[in-house]
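The next block holds one structure in the form of structure tokens; read it before the comments.
Numbering of ligands and ligand atoms starts at 1, following listing order.
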Amino acid sequence: MAKLPILTAPDARLKQRAKPVDKVDDRVRKLMDDMLETMYAAPGIGLAAPQVGVLERVIVIDVAREDEEPQPLRLANPEILWQSEELATYDEGCLSIPDHYAEVVRPKQVRVRYLDQDNEIRELETDGLLATCIQHEIDHLDGTLFVDHLSALKRNMILRKLAKARKSEQLPAYAAVS
Ligand code: GNR
Ligand code: NI
């Protein structure tokens with residue numbers, strides 16, 4: 001397994017639409033495993049392939065708490081088959097928008113079809129944090145970030161702060177004061 005570098009906004013690759021995989025073969029399985037290692041190390045509860053610069057429709061998720069057994073999920077070509085009318089609000093974060101959080105409203109429950117790590121078609125109906133996380137990750141496959149669900153005012157505030165934080169990280173410590 002290998003830990004991969006995570007891209008952060010405003011990287012153009014985070015705005016692209018990712019391509020479906022033909023099948024889940026050894027190459028895609030290795031990508032899934034490398035993504036899980038990267039996600040656990042971050043740490044995060046989900047990761048989409050475009051966040052590591054791979055424009056393919058592959059996501060990994062584990063929403064188990066630290067005191068629970070790990071529950072890694074590997075999904076290729078995930079599609080939302082159904083979403084509830086009822087909505088839920090979560091305070092979301094994103095490894096590609098480090099240190100910023102905002103409340104995002106999404107359907108509370110979803111039914112998803114995907115290919116698992118053995119290239120088998122599977123369906124999953126879920127709610128709560130897992131439903132939110134799956135939607136957040138599928139958004140990444142379509143070039144959408146959680147800030148795209150916010151008002152332009154809130155979105156630009158976060159993106160400007162991110163650019164500013166990045167800029168000050170690039171300066172030598174003595175220059176970051178003023
Ligand atoms: O680690 C993550 N936490 C999180 C919290 C609330 C809603 C979504 C997420 S996903 C995020 C990891 C990430 O950026 N995945 O793309
Ligand atoms: Ni994210």
Side-chain angles (χ1 to χ4, degrees), residues 1-21 28 31-80 83-84 86-110 112 114 124-151 154-159 161-163 165-166:
M1 296 227 284
K3 215 181 95 183
L4 308 168
I6 297 176
L7 305 180
T8 54
D11 192 296
R13 287 167 285 183
L14 295 171
K15 304 303 306 177
Q16 311 287 308
R17 192 182 159 79
K19 294 220 163 66
V21 299
V28 174
L31 173 63
M32 289 167 160
D33 287 347
D34 288 348
M35 287 170 58
L36 279 168
E37 183 179 349
T38 304
M39 179 193 84
Y40 287 128
I45 59 170
L47 192 68
Q51 293 180 277
V52 292
V54 178
L55 293 179
E56 300 186 37
R57 302 187 78 81
V58 173
I59 66 180
V60 296
I61 295 176
D62 191 337
V63 297
R65 288 188 312 262
E66 261 184 52
D67 60 338
E68 293 175 327
E69 280 291 300
Q71 291 165 30
L73 289 172
R74 300 164 170 87
L75 294 78
N77 302 345
E79 287 174 72
I80 294 184
Q83 53 190 40
S84 63
E86 195 181 347
L87 305 175
T89 304
Y90 266 92
D91 203 25
E92 295 196 19
C94 181
L95 295 171
S96 297
I97 306 178
D99 305 322
H100 291 276
Y101 303 85
E103 290 198 335
V104 177
V105 183
R106 301 181 185 271
K108 183 185 167 97
Q109 297 158 288
V110 290
V112 180
Y114 62 97
L124 169 67
E125 189 171 315
T126 190
D127 61 5
L129 183 57
L130 180 55
T132 291
C133 190
I134 287 177
Q135 293 174 80
H136 175 117
E137 303 312 337
I138 293 176
D139 268 359
H140 275 298
L141 304 181
D142 296 326
T144 299
L145 301 173
F146 81 84
V147 292
D148 295 319
H149 293 280
L150 308 177
S151 68
K154 285 187 187 171
R155 175 168 56 250
N156 291 330
M157 186 140 71
I158 290 173
L159 295 177
K161 283 184 181 170
L162 197 67
R166 146 115 24 81

- Any sub-3.5 Å donor-acceptor pair from Asp34's side-chain atoms to Ala2's backbone N or O? yes

- Task: Before giving the answer on side-chain contact (heavy atoms from CB on, under 4.5 Å), spell out for His100 and Cys94 the whole-Å C-alpha distance, their side-chain angles and the decisive distance to 0.1 Å.
- Result: CA-CA 8 Å; His100 291 276; Cys94 181; over 6 Å; no

- Side-chain contact test, heavy atoms from C-beta onward, threshold under 4.5 Å: evaluate it for Pro10 versus Leu159 and give yes or no. no

- Task: Count the heavy atoms of every other residue, nucleotide or ligand shown that sit under 6.0 Å from NZ of Lys15, and state whether that count exceeds 12.
- Result: yes

- Task: Could you point out which residue of Leu36, Val28, Leu31 forms a side chain to side chain contact (heavy atoms under 4.5 Å, CB included) with Arg74?
- Result: Leu36

- Query: Going through the distances and angles, do Ile97 and Ile158 end up as a side-chain contact (heavy atoms from CB on, under 4.5 Å)?
  - Reply: CA-CA 8 Å; Ile97 306 178; Ile158 290 173; 3.7 Å; yes

- Message: If you consider just the N/O/S atoms, which atom of His140 is the closest one to the Ni ion (ligand 2)?
- Response: NE2

Does ligand 1 have any N/O atom under 3.5 Å from a protein N/O, and what are those pairs and their distances?
unit_1: ligand 1; atom_1: 1 (O); unit_2: Ile45; atom_2: N; d: 3.1
unit_1: ligand 1; atom_1: 14 (O); unit_2: Gln51; atom_2: NE2; d: 3.4
unit_1: ligand 1; atom_1: 14 (O); unit_2: Leu95; atom_2: N; d: 2.8
unit_1: ligand 1; atom_1: 15 (N); unit_2: Gly46; atom_2: O; d: 3.1
unit_1: ligand 1; atom_1: 15 (N); unit_2: Glu137; atom_2: OE1; d: 3.3
unit_1: ligand 1; atom_1: 15 (N); unit_2: Glu137; atom_2: OE2; d: 2.7
unit_1: ligand 1; atom_1: 16 (O); unit_2: Gln51; atom_2: OE1; d: 2.8
unit_1: ligand 1; atom_1: 16 (O); unit_2: Gln51; atom_2: NE2; d: 3.4
unit_1: ligand 1; atom_1: 16 (O); unit_2: His136; atom_2: NE2; d: 3.2
unit_1: ligand 1; atom_1: 16 (O); unit_2: Glu137; atom_2: OE1; d: 2.7
unit_1: ligand 1; atom_1: 16 (O); unit_2: Glu137; atom_2: OE2; d: 3.1
unit_1: ligand 1; atom_1: 16 (O); unit_2: His140; atom_2: NE2; d: 2.9

